[in-house]
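Chain letters run A, B, ... following the sequence lines, proteins first and then strands; every chain starts at 1.
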Number of protein chains: 2
Amino acid sequence: MKAKATLKQIAKELNVSVSTVSKALNDSPEISEQTKVKIKEYAKLKNYKPNVIGLNLKNRKTKTIGVIIPNILNSFFAKVFSGIEKVADKKGYNVITCISNESLEKEIHTLEMLSNGTIDGFILSVSEEAQKLQDYSHFSAIINDGTPIVMFDRIADEVECDKVVVDDFDSALNSTQHLIDLGCKNIALISSVDNLSVGKLRADGYLKALKDNNISVNDNIIIRTDSEEDMKSKIDGIFDHKIDGIFALEENDSVAALRMSLKKGFKVPEDISIIGFADGILASRRLSPSLTTVSQHGIEIGEVAAKKLIERLEETEEETSNYETIVIKTKLKERESTRKK
Amino acid sequence: MKAKATLKQIAKELNVSVSTVSKALNDSPEISEQTKVKIKEYAKLKNYKPNVIGLNLKNRKTKTIGVIIPNILNSFFAKVFSGIEKVADKKGYNVITCISNESLEKEIHTLEMLSNGTIDGFILSVSEEAQKLQDYSHFSAIINDGTPIVMFDRIADEVECDKVVVDDFDSALNSTQHLIDLGCKNIALISSVDNLSVGKLRADGYLKALKDNNISVNDNIIIRTDSEEDMKSKIDGIFDHKIDGIFALEENDSVAALRMSLKKGFKVPEDISIIGFADGILASRRLSPSLTTVSQHGIEIGEVAAKKLIERLEETEEETSNYETIVIKTKLKERESTRKK
DNA sequence: CAAAATTATGAAAACGTTTTCGACTACCTG
DNA sequence: CAGGTAGTCGAAAACGTTTTCATAATTTTG
């Protein structure tokens with residue numbers, strides 16, 4: 001366990017001052033070539049690397065981004081994260097990641113923990129609990145303290161900050177319309193995320209599409225819940241009614257819809273066409289039949305969010321711009337689970 | 001953009017010294033109740049939180065762990081990460097995460113970037129490129145500088161540090177034996193990770209099982225490669241030969257084996273039994289039939305690695321223990337893709 | 001009432017940097 | 001030779017803490 005080299009040590013061992021060492025290593029013209037060479041060689045020998053904390057303290061920033069993700073095992077968030085990391089790395093930023101596990105308390109705790117100089121700004125998606133309780137005051141507090149936040153996917157409308165979202169309403173509207181265009185008359189809705197902002201928007205899009213086409217809403221084939229158990233107990237029920245299409249609002253729901261259809265003896269897409277939100281890891285190519293999905297472009301969301309935050313961090317006092325909400329368009333990826341009747 | 005409160009500011013505004021403020025907020029007995037109350041109230045009003053960087057600099061540690069993961073979109077790594085994060089949070093540590101994307105250069109870059117005071121220690125899984133080139137010198141350099149490393153899953157034998165692994169050889173041996181016990185005579189091997197340490201160990205386990213049972217090795221039904229394309233072009237071929245069992249060494253391989261079997265018209269598990277390494281997100285429950293897998297306990301690996309590192313970080317000079325290699329036992333989870341003949 | 005003990009506060013150093021400014025030498029110029 | 005100018009280098013401050021030690025004021029003690 002060697003002690004790490006510092007400017008001070010090097011200075012002492014070479015009988016020069018700390019400032020001389022610092023300048024030499026930074027190639028300042030004030031220092032003679034001779035001593036520069038001497039110091040640089042010695043520094044290399046000692047494997048000197050400037051301690052970032054000293055620098056951070058001096059610059060009063062850390063070039064580090066805090067990311068709070070509700071659940072890393074959800075592949076959508078994993079994708080977003082990978083987008084963030086990519087951009088951050090390119091721009092010389094580090095990424096501190098915390099997982100809120102959908103808990104409001106952990107979310108607050110993380111915010112507190114990191115907003116003390118550890119990070120320069122946050123990128124986050126609101127936890128389920130916070131959305132359920134509509135409790136967003138902790139975000140405003142952080143922003144007021146001068147730490148910028150960029151929210152993505154699950155956002156809080158009443159918090160003033162930059163946001164990156166998918167056009168949930170329109171995507172759902174279009175997807176449902178697509179099922180209708182394929183000839184579906186009885187389209188079931190399956191949502192296990194009805195407590196989330198995105199879940200509500202998507203459900204609204206579905207309803208709007210039905211209304212636009214003068215299709216009456218059949219509550220028997222609509223599941224809107226926020227619990228896995230509830231979902232499991234209800235999903236059987238919808239197959240007792242006539243169904244020729246399913247629109248699922250979340251990745252797990254999509255896969256569940258497919259499996260259940262097959263298990264109940266329906267053929268997909270012959271009997272039932274299925275479209276689901278999903279970012280492509282679970283669903284898509286690996287299933288038989290593969291699922292037609294609304295692709296959320298997770299990586300792109302992460303990239304855009306990171307760019308926005310870094311832009312915000314690096315703007316000067318004068319050029320502070322207004323908060324922005326960036327909408328990423330989804331894309332319907334047609335695969336094997338949909339077909340014209 | 002309010003300026004954040006500092007000790008200095010508070011001191012000035014209350015006409016006391018910085019040290020008094022610091023002591024008051026830390027409840028030092030040196031300070032009178034009266035001034036304590038006054039200072040604490042004012043601090044609360046100003047929403048004062050001690051700047052961590054000042055502390056870090058003073059303590060010469062950051063209570064932050066650096067995690068380097070080859071690929072976050074791989075659900076095994078996502079699970080490990082979630083285990084790490086859980087333990088770290090409980091013990092009051094932050095987690096800085098970087099993704100090497102299997103690149104040696106990014107791995108080195110990350111190591112350099114973070115080992116300058118930003119983090120106290122690393123938890124990492126070696127990138128594919130480093131394993132291919134057998135280039136591990138960058139790890140030793142970091143360790144020599146006094147920054148501890150805990151490696152997991154993909155490890156480098158020649159680097160002296162703590163390690164957390166799965167019993168790859170034994171797992172493969174047992175899984176293959178299990179297929180044999182089920183009555184399989186012609187067991188194919190599918191590996192797209194033959195360049196990785198874990199891939200080699202697993203393949204060796206497979207071969208040993210065959211040998212133990214006096215089954216001759218049939219190279220026609222063995223695919224060992226390190227490229228996706230190569231895999232795609234070869235996988236068709238093995239079905240031209242007699243096969244009644246498949247052992248797949250990686251999550252993607254497992255799913256591919258299942259899909260391909262079905263596509264080729266075989267029934268699983270009636271015609272072919274399949275066992276694959278997988279941590280349960282992609283494969284397992286969601287597929288039909290669901291896959292019998294060797295479960296790697298990703299979350300537990302992460303937890304154990306984090307515990308080990310933190311233990312290492314917090315031990316004193318005298319109590320430094322020897323490096324340890326911790327083996328996590330895998331578990332064979334029987335599902336629908338295996339059956340006795 | 002003087003000396004000692006207690007109590008409350010502040011000054012300064014330390015952590016590792018960068019940067020501004022001042023100081024010293026040697027040389028050149030008029 | 002006085003004065004100016006490069007060319008080198010070092011001292012000190014700053015970032016935000018904590019902590020040790022000194023100082024001042026007050027109280028207790030003999």
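- At a cut-off of 3.5 Å, with distance as the only test, no side-chain donor of B:Ser127 or B:Lys132 sits close to an acceptor on the other residue.
- Picking from C:dT20, D:dC15, C:dC15 the nucleotide with the shortest atom distance to the side chain of A:Arg60 gives D:dC15.
- Heavy atoms of A:Ile53 sit nowhere under 4.0 angstrom from any nucleic acid atom.
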*Mind running side-chain hydrogen bond (donor to acceptor under 3.5 Å, both in side chains) on A:Thr20 and A:Ser17 for me, showing each step along the way?*
CA-CA 5 Å; A:Thr20 305; A:Ser17 78; 2.9 Å; yes

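- Rounded to an integer number of Å, the gap from CG of A:Leu7 to P of D:dA11 is 15 Å.
- Residue B:Thr6 is in sugar-phosphate contact alone, with no base atom involved, counting any heavy-atom pair closer than 4.0 Å across all strands shown.
- Remark: A:Asn26 is in phosphate contact with C:dT18, judged by side-chain N or O atoms under 4.0 Å from OP1 or OP2.
- One can place CD of B:Glu33 at 9 Å from P of C:dA8, the figure rounded to the nearest angstrom.
- In terms of phosphate contacts, B:Thr20 brings a side-chain nitrogen or oxygen within less than 4.0 Å of OP1 or OP2 of C:dG10.
- To the nearest angstrom, C1' of C:dT17 lies 17 Å from NZ of A:Lys63.
- A 4.5 Å side-chain heavy-atom check between A:Asp89 and B:Lys106 finds at least one atom pair inside the cut-off.
- Remark on DNA chain C: of its neighbouring residues B:Gly54 and B:Val21, the 5'-side contact belongs to B:Val21, judged by nearest-heavy-atom nucleotide.
- The base of C:dT20 sits with one of its N or O atoms less than 3.5 Å from a complementary donor or acceptor on the side chain of A:Lys23.
- Of all nucleotides listed (C:dG16, C:dT9, D:dT18), D:dT18 comes nearest to the side chain of B:Val18.
- In this model, no donor atom of one side chain and acceptor atom of the other lie less than 3.5 Å apart for A:Asn116 and A:Thr118.
- Going from atom CD1 of B:Ile10 over to atom P of C:dT9 covers 16 Å, rounded to whole Å.
- Contact annotation: B:Ser22 side-chain N/O to D:dT18 OP1/OP2 distance is under 4.0 Å.
- Protein atom CG of B:Asn59 is 17 Å distant from nucleotide atom P of D:dG16, rounded to whole Å.
- Residues B:Ser32 and B:Thr35 have side chains that bring a donor and an acceptor to within less than 3.5 angstrom of each other.
- Two end axes, each from the C1' atoms of five base pairs, can be drawn for the helix from C:dC1-D:dG30 to C:dG30-D:dC1; they diverge by 80°, to 10 degrees.
- In this structure, CG of B:Asn51 is placed 17 Å from P of D:dA14, rounded to the nearest angstrom.
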*Verdict with reasoning, A:Thr147 to A:Ser115, per side-chain hydrogen bond (donor to acceptor under 3.5 Å, both in side chains)*: CA-CA 7 Å; A:Thr147 305; A:Ser115 67; 5.5 Å; no

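- Distance A:Gln34 CD to D:dG7 C1': 13 Å, rounded to the nearest Å.
- Ion pairing between a basic and an acidic side chain is recognised when a charged N comes within 4.0 Å of a carboxylate O; B:Asp145 and A:Lys4 show no such pairing.
- Among residue pairs with one or both ends in residues 52-70 of chain A, those qualifying as side-chain hydrogen bond (donor to acceptor under 3.5 Å, both in side chains) are A:Thr62-A:Asp120; sequence neighbours excluded.
- A sub-4.0 Å separation between OP1 or OP2 of C:dT7 and a side-chain N or O of B:Ser32 is absent.
- Rounded to whole angstrom, the span from the CG atom of A:Leu25 across to the C1' atom of C:dT19 amounts to 15 Å.
- A:Lys49 comes within 4.0 angstrom of the backbone, heavy atoms only, and of no base.
- Look at B:Lys58 and you won't find any side-chain N or O under 4.0 angstrom from OP1 or OP2 of D:dT19.
- Looking at heavy-atom distances under 4.0 Å, B:Val16 makes contact with sugar-phosphate atoms alone, never a base.
- Between the side chain of B:Ser17 and the base of C:dA11, no donor-acceptor pair of N or O atoms lies under 3.5 Å.
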